[in-house]
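Report on the structure given below.
Residues: numbered from 1 along the sequence shown.
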Amino acid sequence: MPADDVNGVASRLESVDLDEDVIKDEFCDPENPVAIKFQDISAAAFKIKNGIARTDCSKSHMSDFTGMQIYFKKEFLQHTGSFKERGARYTLMMLSSEQKKVGVIAASAGNHALALAYHGHDLNIPITVVMPIIAPLMKVQLCRQHGANVIVKGQDIGESRTIALKMASEQGYMYINGYDHPHILAGQGTMGLEIVEQVSDIDAVVIPVGGGGLIAGTALAIKSLYPDVQIIGVESERCPSFTTSLKAGKPTYTKASSTLADGLAVPLVGVNAFETSKNIIDKMVVVNEEFIALAILRLVELEKCVCEGAGATALAAILAGQLPELKGKKVVVPLCGGNIDTTVLGRCLERGLAADGRLCRFLITVSDRPGGIAELTKLIASMGVSIKDIYHERAWLKADIFSVQVKCVVETRDKEHAEELERALRAHYTHIQWAQA
């Protein structure tokens, strides 16, 4: 960040004290939660139809091997790469003339900030976003390119929210919660209206869940028109806050851990989102990280779609076999975000390959006599396995002085091929440690 930007931020934040006296968000009151109505979603659909992309919802290549008719709603094709644009545009359009001049403020690490910045610029409404220091630099820069006033402050999204709420109180901005403001919920629900228009006779819709805004609006839209359609929510095991809240009967804090689906790592679900959706969600599923990575890999390979972890989480539950009741059914899966950092994408693809049994590593002890390692590589090559990395060392091996320990990372066709390689190695060598994915 340039020095003048840093000084400007510092002067604006001099009076902001991160104490426990947090100003409440008037639109998201835990004591008086608001359940939005179907009419709110209908109104949102009418108002935003000329400013939001009507994204494709087409049958997937994965339908054959999953045993389901899967349709992907490709929300990552929105201009800023996520469904967040729907709620952002509607909320901005519903501001009073006076508030449109003053502007709005939000705390976000990515997609909500991008959506507000883009549509604020389009509607000529001043936008301020407070982003935590962990926010990806790419998203910070994109928000600035869209004309937003970006303040990078706060160790996490919670601290950024505190700063944003205090600035809203002091400077007259409206604070917009990215997953719980009533207009945000109504805007997100327009995706549900598009889904039922684009795909007939749907049996189920499987939706990623973080703060709850998307599933609340979408579930209400779909259930209001087609009550028999099953609504299934999917969370990462690293932050199952909605599942915890449903069991408790109210929004309940859940510790968030580092996850590939960082967009879903919301420790406390929205009070309005929870009130709207608690009685219309048919099932919640918690999926582990390896299947989120696998889902990202499958989407790249089979659908030519680049999705972030949060956007691929619903598919992860299907690939993990956690929804067997949907076999033979027509299922819609929103791919709700594509803003993944390129370095993170590389890591996700490698983890996906490992989870798929196509990237394997093992530690093996071979003879250190001439030809010992050559014999190993010849065996690997004879099986059509590609060596990605190989390393050998002698100093820490406590067995035979004429042996060497070799660490290999190899690429195989699939899990069966990997198992075939393991059997062949164990038949030829005594000391082998095969690493599990």
Side-chain angles (χ1 to χ4, degrees), residues 41 57 59-60 62-63 66-75 83 179 185 188-189 191-196 198-247 254 259 261 263-266 269-270 273-289 291-292 294-296 298-299 307 309-337:
I41 299 173
C57 190
K59 192 171 182 180
S60 166
M62 299 186 206
S63 296
T66 59
M68 307 173 192
Q69 295 182 59
I70 295 179
Y71 288 76
F72 285 134
K73 177 65 170 165
K74 299 176 181 177
E75 283 295 284
F83 73 95
Y179 54 84
L185 302 188
Q188 316 307 30
M191 186 188 75
L193 296 181
E194 287 185 15
I195 286 173
V196 296
Q198 293 171 305
V199 183
S200 59
D201 302 318
I202 300 169
D203 293 301
V205 181
V206 187
I207 304 171
V209 180
L214 181 62
I215 197 169
T218 302
L220 178 60
I222 294 173
K223 287 284 193 179
S224 297
L225 297 171
Y226 299 96
D228 293 335
V229 174
Q230 191 175 12
I231 301 295
I232 299 171
V234 184
E235 295 180 289
S236 165
E237 65 177 355
R238 310 302 293 272
C239 187
S241 54
F242 211 96
T243 300
T244 302
S245 297
L246 283 175
K247 290 178 181 177
T254 305
T259 171
L264 304 184
V266 180
V269 302
F274 186 79
E275 186 69 19
T276 300
S277 62
K278 64 182 180 181
N279 295 320
I280 54 176
I281 296 176
D282 296 292
K283 182 178 181 179
M284 287 296 302
V285 174
V286 176
V287 69
N288 68 35
E289 292 286 291
F291 285 103
I292 296 176
L294 183 59
I296 293 171
R298 289 279 188 268
L299 287 168
C307 277
T313 297
L315 174 62
I318 293 174
L319 297 180
Q322 292 177 267
L323 299 171
E325 69 272 23
L326 298 184
K327 293 287 185 180
K329 303 291 182 64
K330 187 179 285 189
V331 182
V332 176
V333 177
L335 303 178
C336 54

Which residues pass the side chain to side chain contact (heavy atoms under 4.5 Å, CB included) test with Y179, not counting sequence neighbours?
K84, N177, V266
Considering only heavy atoms from C-beta outward, does the side chain of L326 approach that of I232 to under 4.5 Å?
yes
Answer yes or no: is there a side-chain heavy-atom contact under 4.5 Å between F72 and L315?
yes
Show the nearest heavy-atom pair for residues T276 and A216, with the distance to one decimal.
CG2-O, 4.0 Å
Contacts of type side chain to side chain contact (heavy atoms under 4.5 Å, CB included), residue T254, not counting sequence neighbours
P240, S241, T244
Keeping the roles fixed (side chain from T313, backbone from E235), state whether a donor-acceptor pair exists under 3.5 Å.
no
If you compare all heavy atoms of L214 against all heavy atoms of C336, which two are closest, and at what distance to 0.1 Å?
CD2-CB, 4.0 Å
To the closest 0.5 Å, what do you measure between CD (Q230) and CD1 (I202)?
13.0 Å
Let me confirm one number: the CG-CG distance from N279 to L246, rounded to the nearest 0.5 Å.
9.0 Å
Sequence neighbours excluded, which residues qualify as salt bridge (Lys or Arg N to Asp or Glu O under 4.0 Å) partners of E75?
R86
4.5 Å side-chain heavy-atom contact, L193 and L225:
yes
Shortest non-hydrogen contact between A221 and I41, atoms and distance:
N-CD1, 3.8 Å
Check S277 against A273 and note the closest heavy-atom contact, atom names and distance.
OG-O, 2.7 Å
Inter- and intrachain pairs under side chain to side chain donor-acceptor pair (under 3.5 Å), touching residues 203-228, at least two apart:
K223-D282
How would you list all residue pairs meeting side chain to side chain donor-acceptor pair (under 3.5 Å) that involve residues 324-334, not counting sequence neighbours?
K283-E325
The criterion is side chain to side chain contact (heavy atoms under 4.5 Å, CB included); which residues satisfy it with E289, sequence neighbours excluded?
S236, E237, R238, T259, L260, I292
Taking C-beta and beyond as the side chain, do Q322 and V234 meet within less than 4.5 Å on heavy atoms?
no
Minimal heavy-atom distance between G233 and I215, with the atoms involved, is CA-CD1, 3.6 Å
Assess the residue pair V199 and K59 against the criterion (side chain to side chain contact (heavy atoms under 4.5 Å, CB included)); give the C-alpha distance rounded to whole Å, side-chain angles, the decisive distance to 0.1 Å, and a yes or no.
CA-CA 9 Å; V199 183; K59 192 171 182 180; over 6 Å; no
Nearest heavy-atom pair of G309 and I296: which atoms, and what distance?
CA-CD1, 3.8 Å
